[in-house]
Amino acid sequence: MKQLLTFILFFTCSGHLVIAQLSFVNRFEVEAKFQENDFMVINKPGGVVAFRAQPEKGFNLRSKFQYFITDYELNSSEIKEIRIKEGYDLTGYDLEGDFFYALMQKGSVATSEKYLLEINLKTDEASEFSLENIYSMELKEFLVLNRNAVFLGNADMRPMLQIFKLEENTVHTVQGIYGKETLVLQLRKDSELGIIDVLISKRDKYKIKQVSIISYDENGSKVREIAIDKLQSNDLEIIEGMLTPIQDYQQSVIGTFGQRKREAYQGIYIAEINEFGEYGIKYYTMEDFPNFFNYLSDKQRERRWKEMEKLFEKGKVPTIKPVLSSREVISTADGYLIYSDNFNATNPRYIPRDGAYANDAYRFNPNRLYFDGMNYGPAYGSQLFSPLRYNNFSWQQEGEYKFISAYMIYIGKEGQVLWDNAFNLSNKSTRIPGKYGELSFDGNKLHYLYLDGLDIYMSYMKGGEVIFENEVFELKLINENERIRETQDLSLNFSWWYDNYFLLSGKQKIRFIGTSGREETREVFFLTKIAVDGDLYVPKDNID
């Protein structure tokens, strides 16, 4: 009897701990069939906006735009509907202040006719704007800055950036973007300063890569251009980069660098830019990453580090294999937390694009919570509704990715490495090339979570020390009297939301007891707020 009581107590405690370190705290549902389009979600101050374009029933080409707003507790407004022009579908979106913008396109061809829907979220008033003067380009990104619509696309195999002023109905094509062998690495807007930053890379006639930041005001006039082309060696080049927000007239570009023409990654750089456009670059290589191999077993880690030390003694800089891609930068009062994925492109048919094995689409518009893939593919839909869900396009055409580890490094404002460490991603494979996990970081506590199938995996660092990794949690409901009958796994999206809260959305079939006392099933689209607190974790070995 005593043994049975201990057994029950153990599982009660274990269950309580699991709920404590990761808990499902709020849930909102709206009726939605599995065959219907998913709602996409965009973050807004104090909550989210969820929206979709849904075809009407019957044999016609009419659709309606549906949206609703929630607060942080997932208390929601009623669903609003706006009729979409016949034959048009949702192809882009953005949020600017209290206005939501939906870009509509006729047909599936990238150069088809488009129009813009502007919705005042306070009054629910909607306005339409014709976009017939926008150049017929293959659209890669769309955003709005202070009622100026910004369109980034490809025309004649070159990037083009146009700004459409809604109030004046005029279009301006910006200078300095359209060029041969030019790639846009990142596009970001600063609504407060009223500028657009474009991070580009291009090769000159000698095939030397140059990375530049070009900033434009909301009218499309260039306000600055900074070329980052003076690296410490002619044998090195920048592979990718991310722009930090402008603070106190300072800005940084952070990413990976490697050997020119060899697709060989050597480390992470930070280019710090002052108010005069002057910059200095700090380089961090394997000598600065003492915990890079912490995802390995003790024996493997020791062997790999001995190999590194031999190279250090010879004055060589080791190559980081196979791929190191910087995914996210979080600025704090003390420095920069840089999250990078170490992975391998496993499809032999996949060809790296100028050093960038992983696409930068998810970096373009930081407003968005969810990114389903690359910024190319069938029309623009790869950033909106996943091609995996809505058509026959296969990521096999572009590559498969096997993720080895998630590497975190915290670098102080003076350039010193405060700490570094890594989580094991167990060679998990996916055909989507964006960052593998989502993280929250407050300067000390780091929660790292990702969705794999129907399970959430959680890891936790504190002060740079790994407390636990890859704890598995099943999807749960808030109402204990209900059960999940089925989850549509391809509909699931998971993202960091705010503070230590994450957001999960998707479609499920829920079993419940109806008013008649019989079991019934409902199909829903849901939003679930998830709270995490790694400090509540207790190792099983410590549970008595």
Side-chain angles (χ1 to χ4, degrees), residues 43 45 185-192 197 199 213 240-248 250-256 267-273 282 284 288-289 291-292 294 324-342 358 360-371 403 405-423 425 434-450 458-467 469 494-503 530-535:
N43 204 355
L185 300 179
Q186 186 182 8
L187 181 70
R188 66 174 297 274
K189 67 177 182 179
D190 192 315
S191 300
E192 186 176 345
D197 282 333
L199 183 65
I213 306 165
E240 59 184 1
M242 290 176 287
L243 286 164
T244 64
I246 298 174
Q247 294 180 333
D248 299 326
Q250 309 287 317
Q251 191 174 28
S252 296
V253 184
I254 299 174
T256 53
I268 293 170
Y269 72 92
I270 298 179
E272 296 178 319
I273 306 163
K282 297 182 177 71
Y284 303 88
D288 305 298
F289 306 158
N291 297 311
F292 186 86
N294 273 14
L324 182 71
S325 179
S326 295
R327 306 300 208 167
E328 186 174 351
V329 176
I330 298 177
S331 299
T332 71
D334 297 321
Y336 303 107
L337 187 282
I338 305 169
Y339 155 41
S340 304
D341 277 329
N342 184 213
D360 300 284
Y362 62 94
R363 297 181 185 148
F364 279 178
N365 192 337
N367 260 346
R368 302 195 186 122
L369 286 180
Y370 303 140
F371 296 88
F403 286 83
S405 67
Y407 177 67
M408 311 291 171
I409 184 167
Y410 194 26
I411 299 176
K413 291 291 187 182
E414 302 302 318
Q416 75 279 22
V417 176
L418 300 176
W419 54 257
D420 75 309
N421 222 320
F423 292 126
L425 294 181
K435 64 178 181 177
Y436 196 78
E438 295 286 326
L439 62 90
S440 67
F441 180 64
D442 64 3
N444 182 40
K445 301 176 182 180
L446 188 153
H447 296 87
Y448 180 81
L449 291 84
Y450 61 86
M458 177 179 171
S459 302
Y460 180 57
M461 288 182 193
K462 188 173 184 180
E465 179 187 353
V466 175
I467 307 301
E469 63 179 345
F494 182 75
S495 176
W496 172 75
W497 193 5
Y498 70 98
D499 295 339
N500 285 340
Y501 295 100
F502 291 74
L503 193 65
I530 297 173
V532 297
D533 187 351
D535 284 344

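Here the structure is a predicted model, which is why all the values come from computation and not from measurement. Atoms considered below: every heavy atom in the structure, side chains included; atoms not considered: hydrogens, waters and symmetry mates.
Side chain of Asp442 to backbone of Asn444: a donor-acceptor contact under 3.5 angstrom is found. Of the possible donor and acceptor atoms, none in the side chain of Asn500 sits under 3.5 Å from a partner among the backbone N and O of Ala531.
Nearest heavy-atom pair across Ile268 and Ile409 is CD1-CG2, 4.1 Å. The shortest heavy-atom contact between Gly437 and Tyr450 is CA-CB, 4.0 Å. Residues Arg327 and Asp341 share a closest heavy-atom pair of NE-OD2, 2.9 Å. Minimum interatomic distance between Tyr284 and Gly415 (heavy atoms only, all atoms of both residues): OH-O, 2.7 Å. The two atoms that bring Phe292 and Asp420 nearest to each other are N-OD2, 3.6 Å, heavy atoms only. In plain terms, the two heavy atoms of Thr244 and Gln251 that are nearest each other are O-NE2, 2.9 Å.
Between the side chains of Asp535 and Tyr460, a donor-acceptor pair is found at a separation under 3.5 Å. Thr332 and Tyr410 share a donor-acceptor pair across their side chains, judged by distance under 3.5 Å alone. At a cut-off of 3.5 Å, with distance as the only test, a side-chain donor of Ser326 or Ser340 sits close to an acceptor on the other residue. Side chains of Ser325 and Glu240: a donor-acceptor N/O pair is present below 3.5 angstrom, by distance only. Using modelled atom types, one finds no donor on one side chain facing an acceptor on the other under 3.5 Å when comparing Glu272 with Ser252.
At a threshold of 4.5 Å between non-hydrogen side-chain atoms, the residues Ile213 and Leu243 count as touching. Taking 4.5 Å as the limit, some side-chain heavy atom of Val253 sits within range of a side-chain heavy atom of Leu199. For the pair Met458/Val532, a side-chain contact is recorded, criterion being any heavy-atom separation below 4.5 Å from C-beta on. At a threshold of 4.5 Å between non-hydrogen side-chain atoms, the residues Ile338 and Ile270 count as touching. In this structure, Phe423 and Val466 have side chains that are in contact, with non-hydrogen atoms separated by less than 4.5 Å.
The six-membered or imidazole ring of Tyr448 lies near that of Tyr339, with a centre-to-centre distance under 6.0 Å. Between Phe502 and Trp497, the distance separating the two ring centers is not shorter than 6.0 angstrom.
Rounding to the nearest 0.5 Å gives a distance of 10.0 Å between CE of Met408 and CZ of Phe441. Interatomic distance, Tyr498 OH to Leu503 CG, rounded to the nearest 0.5 Å: 10.0 Å. In this structure, OG on Ser495 lies 8.0 Å from CG on Asn43, to the nearest 0.5 angstrom. Note that CG of Leu337 is 9.5 Å distant from OG of Ser331, once rounded to the nearest 0.5 Å. Distance CD1/Ile467 to CD/Glu465: 4.5 Å, rounded to 0.5 Å. Going from atom CD1 of Ile254 over to atom CD of Glu328 covers 11.5 Å, rounded to the nearest 0.5 Å.
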| query | Given the rule in the side-chain contact (heavy atoms from CB on, under 4.5 Å) test, do Asp190 and Asp197 qualify, once you have shown the distances and angles that lead to the verdict? | reply | CA-CA 8 Å; Asp190 192 315; Asp197 282 333; 5.8 Å; no
| message | Asn291 vs Asn421, test: side chain to side chain donor-acceptor pair (under 3.5 Å). Steps then yes/no. | response | CA-CA 5 Å; Asn291 297 311; Asn421 222 320; 5.2 Å; no
| Passes ring pair (Phe, Tyr, Trp, His ring centres under 6.0 Å), Tyr407 versus Phe289? Steps please. | CA-CA 10 Å; Tyr407 177 67; Phe289 306 158; 5.2 Å; yes
| Chi angles and distances behind the side-chain contact (heavy atoms from CB on, under 4.5 Å) call for Gln250, Ile273 | CA-CA 6 Å; Gln250 309 287 317; Ile273 306 163; over 6 Å; no
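A cation-pi arrangement is present between Lys413 and Tyr336 under the rule of less than 6.0 angstrom and at most 45 degrees off the ring axis.
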